[in-house]
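What follows is a short report on a single structure.
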Number of protein chains: 2
Amino acid sequence: MTNTRGKILDKALEMFNERGIEYVGLRELAAVLGIRVGNITYYFATKDDLVFELSQQLSKANAEIIFVDENITMTGFLEMLNRVYLNQVKFRCLLLSFVHVMEQNKLVAAAYKTTQRNRNATISANIGKLAASGYLDLKNDEEQDFLVSTLALVSRFWISEAAISFAHLSSQEQIRHYLRLAGNLLIPYATAKAKRQIRDFLSTGQLASIS
Amino acid sequence: MTNTRGKILDKALEMFNERGIEYVGLRELAAVLGIRVGNITYYFATKDDLVFELSQQLSKANAEIIFVDENITMTGFLEMLNRVYLNQVKFRCLLLSFVHVMEQNKLVAAAYKTTQRNRNATISANIGKLAASGYLDLKNDEEQDFLVSTLALVSRFWISEAAISFAHLSSQEQIRHYLRLAGNLLIPYATAKAKRQIRDFLSTGQLASIS
DNA sequence: CATGAGTTAGGACATTGTCCAAATGTAAAA
DNA sequence: TTTTACATTTGGACAATGTCCTAACTCATG
């Protein structure tokens with residue numbers, strides 16, 4: 001992006017990620033960009049609008065990753081999770097201010113509601129496919145709901161816990177920890193071939209971190 | 001509490017819980033109390049100091065609940081979790097701004113570090129007792145670490161997820177949902193008698209909500 | 001060159017947390 | 001009772017924030 005709007009978005013994401021959305025003022029952002037505050041408000045009437053645009057970028061990036069895969073394997077499922085986690089690192093400022101943003105920013109809140117409904121349905125469908133394909137042994141709907149609920153909770157808040165409790169670890173190490181957690185969550189319900197894929201993925205299969 | 005300091009703390013907690021720490025200004029708090037802003041800063045030099053005091057109250061309340069019980073049962077463990085969740089509802093403003101507070105408030109962050117270390121150790125010890133007493137069947141340390149890690153994550157962030165996704169439910173219903181989640185998490189490792197206690201607790205045993 | 005839409009600059013505004021000096025209240029000492 | 005010393009409360013100042021508005025500038029098009 002070479003235009004002003006794009007520059008604002010890029011630098012805002014960079015600074016928000018480093019120091020937190022609430023702690024980066026528009027004047028400081030403007031100063032770093034060598035422009036005036038009024039110029040930012042020309043493109044984004046409010047700071048919320050700027051944050052909303054970033055949340056849309058994350059949403060779009062996730063949409064390219066999360067879909068119902070008819071031929072999903074346990075390895076594929078974990079890779080999908082891995083890719084989502086990597087996206088979340090890129091937009092970590094949003095997830096670290098998750099509750100705050102959702103309470104304040106009506107735009108983001110409204111968009112999230114619909115996105116999240118689809119997302120949970122997709123995860124649920126994939127878990128169902130894994131069961132149908134002999135990767136998971138689920139006795140009833142409650143077991144499936146439990147897995148989906150827990151995976152959703154972990155996926156939403158792992159980065160918040162990591163920021164507080166595992167700040168000394170790299171993003172890649174943090175992701176490894178929470179992928180391991182997800183894997184352990186699935187293991188009691190995993191068939192033999194699924195267990196092999198989980199153990200294999202956790203020991204060698206992690207995707208490369210972002211640049 | 002009839003003194004000014006106590007009144008400030010009580011009303012602040014009430015308003016923070018209702019509308020969020022970030023959205024209640026000191027002037028509004030002072031106005032509701034019928035005092036001046038400077039009077040608040042006399043007792044709490046900064047807003048962070050006020051928040052820190054509230055976090056100490058939560059810490060103290062939890063300390064009375066969370067301890068290593070030599071004769072712990074599965075029912076007792078779930079009751080302990082239930083009591084912690086009820087405490088968290090009382091101080092939900094702190095948990096909803098968890099990451100935010102930890103990033104900004106050095107006092108709270110420092111206190112939390114040591115508290116959390118002890119707390120995780122205590123939970124881990126109780127899980128160990130459950131295994132020793134024939135409630136849990138843990139094959140290795142990794143299984144125990146997994147349970148402790150996941151329980152810690154859920155216990156820290158359930159209220160944040162509930163505020164966003166289950167705002168239409170009462171606190172008691174929210175707690176029921178996350179106690180069920182914790183129960184389901186334990187079930188694959190639970191012995192027969194533990195399974196009975198879990199199912200029994202989830203169907204009838206939930207503690208009453210706060211007034 | 002002139003026009004007009006798009007863009008940028010600069011400053012005003014209300015609100016926030018913080019800080020301070022003066023005024024007031026209170027309770028023990030003289 | 002009066003004085004003194006300390007605790008409490010007041011009222012306003014301060015810098016920083018997000019938001020808003022008007023004037024100035026840029027630049028392709030007629």
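Below, chain A is the first sequence line, B the second, and so on; all start at residue 1.
In this structure, Y178(B) and W158(B) have tilted ring planes: the angle between them lies in the 30° to 60° band. Relative ring orientation between F98(A) and F157(A) is described as perpendicular, the plane-to-plane angle rising above 60° on a 0-90° scale split at 30° and 60°.
Neither side chain, N62(B) nor S59(B), offers a donor N or O lying under 3.5 Å from an acceptor on the other.
Taking atom CD1 of I40(A) as the reference point, atom P of dT8(C) lies 11 Å away to the nearest angstrom. What separates OH of Y23(B) from C1' of dT17(D) is a distance of 15 Å, to the nearest Å. In this structure, the OH atom of Y43(B) is 18 Å from the C1' atom of dC19(C), given to the nearest Å. The distance from atom CG of L33(B) to atom C1' of dT8(D) is 15 Å, rounded to the nearest whole Å. Atom CG in L50(A) sits about 15 Å away from atom P in dT17(D), given to the nearest Å. Remark: P of dT16(C) and NZ of K47(A) are 16 Å apart, rounded to the nearest angstrom. Atom P of nucleotide dC25(D) and atom CD1 of I35(A) are separated by 19 Å, given to the nearest angstrom. Rounded to an integer number of Å, the gap from CG of L29(A) to P of dT19(D) is 13 Å.
Nearest nucleotide to the Y42(B) side chain, out of dT16(C), dT9(D), dG18(D): dT9(D). Listed nucleotides: dA9(C), dC19(C), dG17(C). Nearest to the side chain of L26(B): dG17(C). Listed candidates were dT9(D), dT18(C), dT8(C). Nearest to the side chain of T46(B) is dT18(C).
Where T41(B) and G34(A) each meet DNA chain C at their nearest nucleotide, the meeting point lying more 5' is that of G34(A). When the nearest nucleotides of DNA chain D are assigned to E28(A) and G38(A) by heavy-atom distance, the more 5′-ward of the two goes with E28(A).
Listed pair N39(A) / dA9(C) meets the phosphate criterion, a side-chain N or O lying under 4.0 Å from OP1 or OP2. Put simply, R36(A) has no side-chain N or O that comes within less than 4.0 Å of OP1 or OP2 on dT8(C). Dashed line: the shortest gap from a side-chain N or O of T4(B) to OP1 or OP2 of dT9(D) is under 4.0 Å.
Using a 4.0 Å heavy-atom cutoff across all strands shown, G25(B) reaches sugar-phosphate atoms only and no base atom.
Of the residues K113(B), Q116(B), R156(B), the one that meets the side-chain hydrogen bond (donor to acceptor under 3.5 Å, both in side chains) test with S165(A) is R156(B).
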For a salt bridge (Lys or Arg N to Asp or Glu O under 4.0 Å) check, start with the C-alpha distance between E64(A) and R83(A), then their side-chain angles and the critical distance, and finish with the verdict. CA-CA 10 Å; E64(A) 292 174 6; R83(A) 272 189 269 269; over 6 Å; no
